[in-house]
Protein chains: 2
Amino acid sequence: MDKRLIPNISVDAVVFGFDDFHLNILLVTRPVYHEGKNYIDWKFPGDLIRKDEDLDVSAERILYEQTGLQKIYLKQLKAFGDTNRLKRQPRDMTWLYAIDHPEERVITIPYFGLVNLSEDVDYKTSLNGNARWFPVDEVKDLPLAFDHRDIFTFALETLRNELRNQPLAFELLPPKFTLSQLQRIYEVVFEKKLDKRNFRKKIAGLRYIVPLHEKETEVSHRPAQLYMFSKDIYQKLHTRQFDFTI
Amino acid sequence: MDKRLIPNISVDAVVFGFDDFHLNILLVTRPVYHEGKNYIDWKFPGDLIRKDEDLDVSAERILYEQTGLQKIYLKQLKAFGDTNRLKRQPRDMTWLYAIDHPEERVITIPYFGLVNLSEDVDYKTSLNGNARWFPVDEVKDLPLAFDHRDIFTFALETLRNELRNQPLAFELLPPKFTLSQLQRIYEVVFEKKLDKRNFRKKIAGLRYIVPLHEKETEVSHRPAQLYMFSKDIYQKLHTRQFDFTI
DNA sequence: CCAAAAGTGTTAGGAGTACACCCATGA
DNA sequence: TCATGGGTGTACTCCTAACACTTTTGG
């Protein structure tokens with residue numbers, strides 16, 4: 001194993017991408033040949049961290065190396081450190097052996113990431129070789145490696161909490177967005193239809209969601225007003241509490 | 001160093017105790033002789049984890065060994081893993097050398113704990129040797145070791161978030177409590193006076209805060225109604241969202 | 001002119017806020 | 001009888017929720 005790595009500590013990146021209609025999650029393949037059969041499991045991008053590297057930096061580096069994504073919103077979740085977390089399935093061990101992973105206890109620090117997929121076509125289509133976006137409701141049918149299903153569940157819960165309490169929906173949107181796009185995020189994440197008029201009334205009260213002098217183009221219906229999120233205004237007004245309870 | 005330990009991973013316990021009037025925090029001394037002087041710094045109870053031990057179990061064990069507290073509410077916070085976190089001060093290194101700590105990168109997983117100090121006199125007075133409760137507003141004047149001030153700030157923020165969104169105030173109270181005690185917790189934690197009538201109106205709507213057929217005794221004023229928190233009722237009613245926003 | 005999504009106002013009920021006095025007990 | 005905290009109601013404002021039709025564009 002690479003001598004620069006700490007054999008006991010890894011990071012994983014649980015990245016959510018929104019493409020205007022679906023919430024997606026970024027996974028990489030973990031192919032393994034075990035007891036005469038080939039298995040394609042999926043896992044989050046992740047690896048052991050380097051000895052001289054801050055956790056946040058590790059997460060950025062590993063995400064970039066394994067998928068090509070960079071400069072996206074990333075935030076640390078809680079550590080997962082059960083003693084048996086890398087041995088849920090016999091083929092988990094086979095894979096670790098195959099990649100020359102030392103026989104060590106590993107705790108992992110998952111990071112939670114957000115990215116917009118609707119415009120930035122690069123992210124959507126040109127991922128590194130083993131990475132793929134999956135709609136979150138298809139994940140339940142995938143074979144996930146190690147304890148990555150637990151991590152996924154926790155990250156999804158965190159996504160809901162964060163969207164309720166912080167202005168993070170904008171990380172899932174392009175810089176200029178319509179109110180319908182914003183509403184759709186909340187509808188998809190909370191799996192709940194929202195009333196258009198009430199939603200807009202609420203947004204109208206938030207000064208940091210700023211209408212631009214610009215409209216949608218090239219849509220075959222009445223073009224929508226475009227808005228932007230002003231971080232400056234948010235920070236000035238909102239030393240306090242955000243509330244997006246639905 | 002003890003061969004059973006992982007040299008790169010520690011846990012810390014950030015325990016808040018409420019004694020009916022003040023919010024307190026549990027610290028242990030870190031005495032060190034450095035360049036001809038004696039220093040008494042303070043730190044959170046914490047240590048490296050064992051190779052065969054789940055994180056939660058480590059936290060419970062280490063808290064018990066270093067302070068005597070056990071069976072209290074504990075919840076994991078996020079990891080702190082800056083490369084320089086154990087070297088903020090020259091005497092941090094001196095101490096690590098003195099306790100035969102290997103020259104390794106260590107990330108720490110802090111746990112957030114809650115305990116009631118008003119009745120359970122044991123916790124208040126009979127702590128293990130080096131442990132002491134400090135009112136949180138005195139902590140700013142204490143010399144804290146390593147990055148423990150960052151951890152403290154994060155834990156305090158978490159305490160506020162948790163009390164806003166979950167029925168955790170009861171972990172800071174005895175099993176039978178008065179509404180004034182409950183109100184005082186929110187006043188102290190959020191540093192804000194609350195209106196008694198409005199507070200009680202809000203509580204009256206929460207079915208899981210149950211009045212008992214019992215009153216305070218031996219107080220030199222009108223005795224207060226006692227209440228209990230029913231976890232059962234809470235879980236049945238509240239698959240959803242708690243809101244204690246003030 | 002049709003399809004598609006954008007945009008807009010009113011009403012009723014519930015929650016939050018501000019505010020002041022009497023009550024029960026021990027000393 | 002005094003000191004101490006316990007306990008209670010009302011009015012106003014603001015937020016939430018329910019609900020349906022017209023507008024603008026491209027095809």
Side-chain angles (χ1 to χ4, degrees), chain A residues 19-22 118-119 164-165 173-174 176-188 190-207 209-228 237-238 240-246, chain B residues 19-22 118-119 163-165 173-174 176-188 190 192-207 209-228 237-238 240-246:
Chain A
D19 65 8
D20 234 21
F21 293 97
H22 298 281
S118 63
E119 302 223 328
R164 219 192 296 277
N165 301 311
L173 288 171
K176 300 173 181 182
F177 54 86
T178 70
L179 295 185
S180 295
Q181 287 178 303
L182 183 60
Q183 181 174 341
R184 218 139 44 217
I185 289 183
Y186 283 92
E187 290 182 334
V188 168
F190 292 100
E191 296 176 332
K192 184 177 172 177
K193 267 274 170 210
L194 299 176
D195 180 88
K196 185 159 57 159
R197 278 177 287 194
N198 293 337
F199 185 81
R200 282 159 188 250
K201 212 183 302 168
K202 182 153 186 170
I203 299 301
L206 306 177
R207 310 271 186 79
I209 300 180
V210 187
L212 301 168
H213 298 290
E214 216 174 324
K215 299 200 175 218
E216 268 184 317
T217 51
E218 301 172 8
V219 286
S220 80
H221 55 76
R222 178 171 172 179
Q225 173 70 246
L226 291 173
Y227 290 77
M228 61 167 282
L237 301 181
H238 257 255
R240 306 193 209 148
Q241 194 57 13
F242 187 89
D243 179 17
F244 231 122
T245 315
I246 59 167
Chain B
D19 65 6
D20 234 20
F21 293 97
H22 299 281
S118 63
E119 303 221 326
L163 284 195
R164 220 192 296 274
N165 301 312
L173 288 171
K176 300 174 182 181
F177 55 85
T178 70
L179 295 185
S180 295
Q181 287 178 302
L182 182 61
Q183 182 176 339
R184 219 140 43 217
I185 289 183
Y186 283 92
E187 291 182 335
V188 168
F190 292 98
K192 182 175 174 177
K193 267 277 171 206
L194 299 176
D195 180 87
K196 185 160 55 160
R197 278 177 288 195
N198 294 337
F199 184 82
R200 283 160 189 250
K201 209 183 305 170
K202 181 151 189 171
I203 299 300
L206 307 177
R207 309 274 184 77
I209 299 180
V210 187
L212 300 169
H213 298 290
E214 217 175 323
K215 300 199 173 219
E216 270 184 315
T217 51
E218 300 173 8
V219 287
S220 79
H221 54 77
R222 179 171 172 178
Q225 173 70 243
L226 291 173
Y227 289 78
M228 61 169 281
L237 300 182
H238 258 256
R240 308 196 207 147
Q241 194 58 13
F242 187 89
D243 179 18
F244 232 123
T245 314
I246 58 166

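In what follows, every chain begins at residue 1, and chains take the letters A, B, ... in the order their sequences are listed. The figures here come from the full heavy-atom set of this structure, side chains too, leaving out hydrogens, waters and symmetry mates.
At a cut-off of 3.5 angstrom, the base of C:dT17 holds at least one donor-acceptor pair with the side chain of B:Lys201. Not a single donor-acceptor contact under 3.5 angstrom links the side-chain atoms of B:Lys202 to the base of C:dG16.
Looking at heavy-atom distances under 4.0 Å, A:Glu218 makes no contact with the nucleic acid at all.
Atom-to-atom, NZ of A:Lys196 to P of D:dA18 comes out at 17 Å; the value is rounded to the nearest Å. Following rounding to the nearest Å, A:Gln181 (CD) and C:dG7 (P) show an atom-to-atom distance of 11 Å. Rounded to whole Å, atom C1' of D:dT1 lies 19 Å from atom CZ of B:Arg222. Regarding B:Leu182, its CG atom lies at a distance of 13 Å from the P atom of D:dG7, rounded to whole Å. In this structure, the CZ atom of A:Arg197 is 9 Å from the C1' atom of C:dT10, given to the nearest Å. Computed from coordinates, the B:Leu212 CG to D:dG6 C1' distance equals 16 Å when rounded to whole Å. Between B:Phe199 atom CZ and D:dG6 atom P the separation is 12 Å, expressed in whole Å. Rounded to whole angstrom, the span from the CD atom of B:Gln183 across to the C1' atom of D:dT8 amounts to 14 Å.
A:Arg200 has its side chain out of reach of A:Ile203: every pair of non-hydrogen atoms, C-beta onward, lies at least 4.5 Å apart. Side chains of B:His22 and B:Val188 form no contact here, defined as non-hydrogen atoms less than 4.5 Å apart.
Along DNA chain C, the nucleotide closest to A:Pro223 and the one closest to A:Asn198 are compared, and the more 5′ of them pairs with A:Pro223. Comparing B:Arg184 and A:Lys215 along DNA chain D, the residue whose closest nucleotide (by nearest heavy atom) sits nearer the 5' end is B:Arg184. Comparing A:Ser220 and A:Leu179 along DNA chain C, the residue whose closest nucleotide (by nearest heavy atom) sits nearer the 5' end is A:Ser220.
Minimum atom distance to the side chain of A:Gln225 is reached by C:dG7, of the listed D:dG7, C:dG7, D:dC19. With D:dT4, C:dA6, C:dC19 as the choices, the nucleotide that has an atom nearest any side-chain atom of A:His221 turns out to be C:dA6.
Within the structure, a side-chain polar atom (N or O) of B:Ser180 is placed less than 4.0 Å from OP1 or OP2 of D:dG6. Between A:Arg200 and C:dG7 there is a side-chain polar atom (N or O) within less than 4.0 angstrom of OP1 or OP2.
Between A:Tyr227 and A:Phe177, the angle of the ring planes stays under 30°, which puts this pair in the parallel group of the 30/60° scheme.
One finds the CD atom of A:Glu187 at 10.0 Å from the CG atom of A:Leu182 (value rounded to the nearest 0.5 Å).
Here the side chain of A:Gln225 pairs no donor or acceptor atom with the backbone of A:Pro211 at under 3.5 angstrom.
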